[in-house]
Amino acid sequence: MPSLQSYSTFGLSASCDSIELFTDVSSFLSIYKSIKNRTDNAIYILGGGSNSIFTNDFDGTVLVNEIKGISHFDTESHHFLRVGAGENWHDFVTLCMSEKWYGFENLALIPGSVGACPIQNIGAYGVEVNTLIEKVECVFLKTGEQVVLSNEDCQFGYRDSVFKHELANKVLITHVNFKLPKHYELETSYGELAALSEPTPEKIYSKVIEIRKSKLPDPAELGNAGSFFKNPVVSQAVYQGIAQEYDAVPHFVVSESSESPAVENEQIKIPAAWLIDQAGFKGKTLNKVRCHPTQPLVLTNLGGATGSDVITMAKDIIASVHEKFGIQLEPEVRLLGNKGLISL
């Protein structure tokens, strides 16, 4: 049975029945139909492996998306890009910076593939990728029908999309089409970006990389899957209750106008890292899994960690944060057992 260890940045020891790579739609459909015709075993489609953790041996076939290619055209007002789902996300962002196709600078150094970005609706430092996505090209697994979903069709939400719900395990994303306005306001309101003098896309890009490298472990050196949990969004009442007990609770208003005064029905995003830190997990180790000392939102594999270790640590964090704050953390990573996706 082939090893999956090198196909997931968390690097747990796990295997599967077989691994198949595909580079275009026709090769994917050929492989997929062949597997379905000869076996009932599970199939899991993998991109860069930075957001999937195999907690156990997988009883099935893993298909690795390596559809590549980047095409570009522009109008007076916008850049338009069509990108293969198998392209590396940060390499793509870096190319865009060099070509002066701006807009992705806040999203630099996020691990993973382009095809994963609409699924997760990846975001960082005040920017979510859905604001830059025009449409997503997909193939329905059951029928082989190729479809194009508009931005609205994708039903984007915070770290969420239709690909996690109605279309979960039903489609393969083949290409993502982006629409970048040539004139837009730079986003520098989050964290250390606010201190930039005379910000430019290049300065933001470089600063984001500097910040991420200082806080986040390199998966090539220390196994991890980036942010393990989503930042929870809570009611104004829940936030106020926490703020009465703790000084300077970090938070961000989630509303149509983030500049308006807080009102009763506004939603508040509280960093999961702060909640986890307050619950006492920052730097804590369970066997070979550690809650990272500089960014408690990240769980790391110290070498030789098991799926059971990961699940136990994650459940302990969820239970402790809920007990302390009444907030239920949700994993951002995709956890897989022997039959497919599992929930905590």
Peer 1: Does anything in residues 312-341 pair up under ring-ring contact (aromatic ring centres under 6.0 Å, His included), and if so which pairs, sequence neighbours excluded?
Peer 2: Y246-F325, W274-F325

Peer 1: Taking NZ, NE, NH1 and NH2 as the nitrogens, is one of them in K215 or E192 under 4.0 Å from a carboxylate oxygen of the other?
Peer 2: yes

Peer 1: Cut-off 3.5 Å, side chains only: do E187 and S189 have a donor facing an acceptor?
Peer 2: yes

Peer 1: Hey, could you give me each pair passing salt bridge (Lys or Arg N to Asp or Glu O under 4.0 Å) that has a residue in residues 231-242? Not counting sequence neighbours.
Peer 2: none

Peer 1: S3: which residues meet the side-chain contact (heavy atoms from CB on, under 4.5 Å) condition with it, sequence neighbours left out?
Peer 2: Q5

Peer 1: Tell me the ring-ring contact (aromatic ring centres under 6.0 Å, His included) pairs involving residues 182-205, sequence neighbours left out?
Peer 2: Y190-F252

Peer 1: Applying side-chain contact (heavy atoms from CB on, under 4.5 Å), can you list everything that pairs with A273, at least two apart in sequence or on another chain?
Peer 2: Q295, P296, L297

Peer 1: Output all residues satisfying side-chain contact (heavy atoms from CB on, under 4.5 Å) with E76, sequence neighbours left out; order by chain, then residue number.
Peer 2: none

Peer 1: Between C117 and W89, is a side chain to side chain contact (heavy atoms under 4.5 Å, CB included) present by the stated rule, with each step listed?
Peer 2: CA-CA 8 Å; C117 82; W89 174 259; 3.8 Å; yes

Peer 1: Output the rest of the hydrophobic cluster of L63: all Ile, Leu, Val, Met, Phe, Trp and Tyr residues reachable through side-chain heavy-atom contacts under 4.5 Å, sorted by chain and number.
Peer 2: F22, V25, F28, L29, I31, Y32, I35, I43, I45, I67, V139, L141, L172

Peer 1: Looking only at heavy atoms, what is the nearest atom pair of C16 and V62, with distance?
Peer 2: SG-CG2, 4.1 Å

Peer 1: Which residue pairs pass the salt bridge (Lys or Arg N to Asp or Glu O under 4.0 Å) test when at least one of the two sits in residues 49-74, sequence neighbours left out?
Peer 2: D59-K339, D74-K182

Peer 1: What pairs with E99 under side-chain contact (heavy atoms from CB on, under 4.5 Å), at least two apart in sequence or on another chain?
Peer 2: L95, W101

Peer 1: Does L335 share a hydrophobic cluster with L341, counting links as ILVMFWY side-chain heavy atoms below 4.5 Å and allowing steps through other members?
Peer 2: no

Peer 1: Quiz question: by atom type and distance under 3.5 Å, do the side chains of T312 and D309 form a donor-acceptor pair?
Peer 2: no

Peer 1: Could you state whether F228 and I317 fall into the same hydrophobic cluster, counting links through intermediate Ile, Leu, Val, Met, Phe, Trp or Tyr residues with side-chain heavy atoms under 4.5 angstrom apart?
Peer 2: yes

Peer 1: S27: what forms a side-chain hydrogen bond (donor to acceptor under 3.5 Å, both in side chains) with it, not counting sequence neighbours?
Peer 2: D24

Peer 1: Per the salt bridge (Lys or Arg N to Asp or Glu O under 4.0 Å) rule, what does the pair list look like for residues 148-176, sequence neighbours excluded?
Peer 2: E128-R159, R159-E332

Peer 1: Once ring-ring contact (aromatic ring centres under 6.0 Å, His included) is applied, what residue pairs with a partner in residues 293-318 remain, sequence neighbours excluded?
Peer 2: none

Peer 1: Looking at F92 versus F178, is the centre-to-centre ring distance below 6.0 Å?
Peer 2: yes

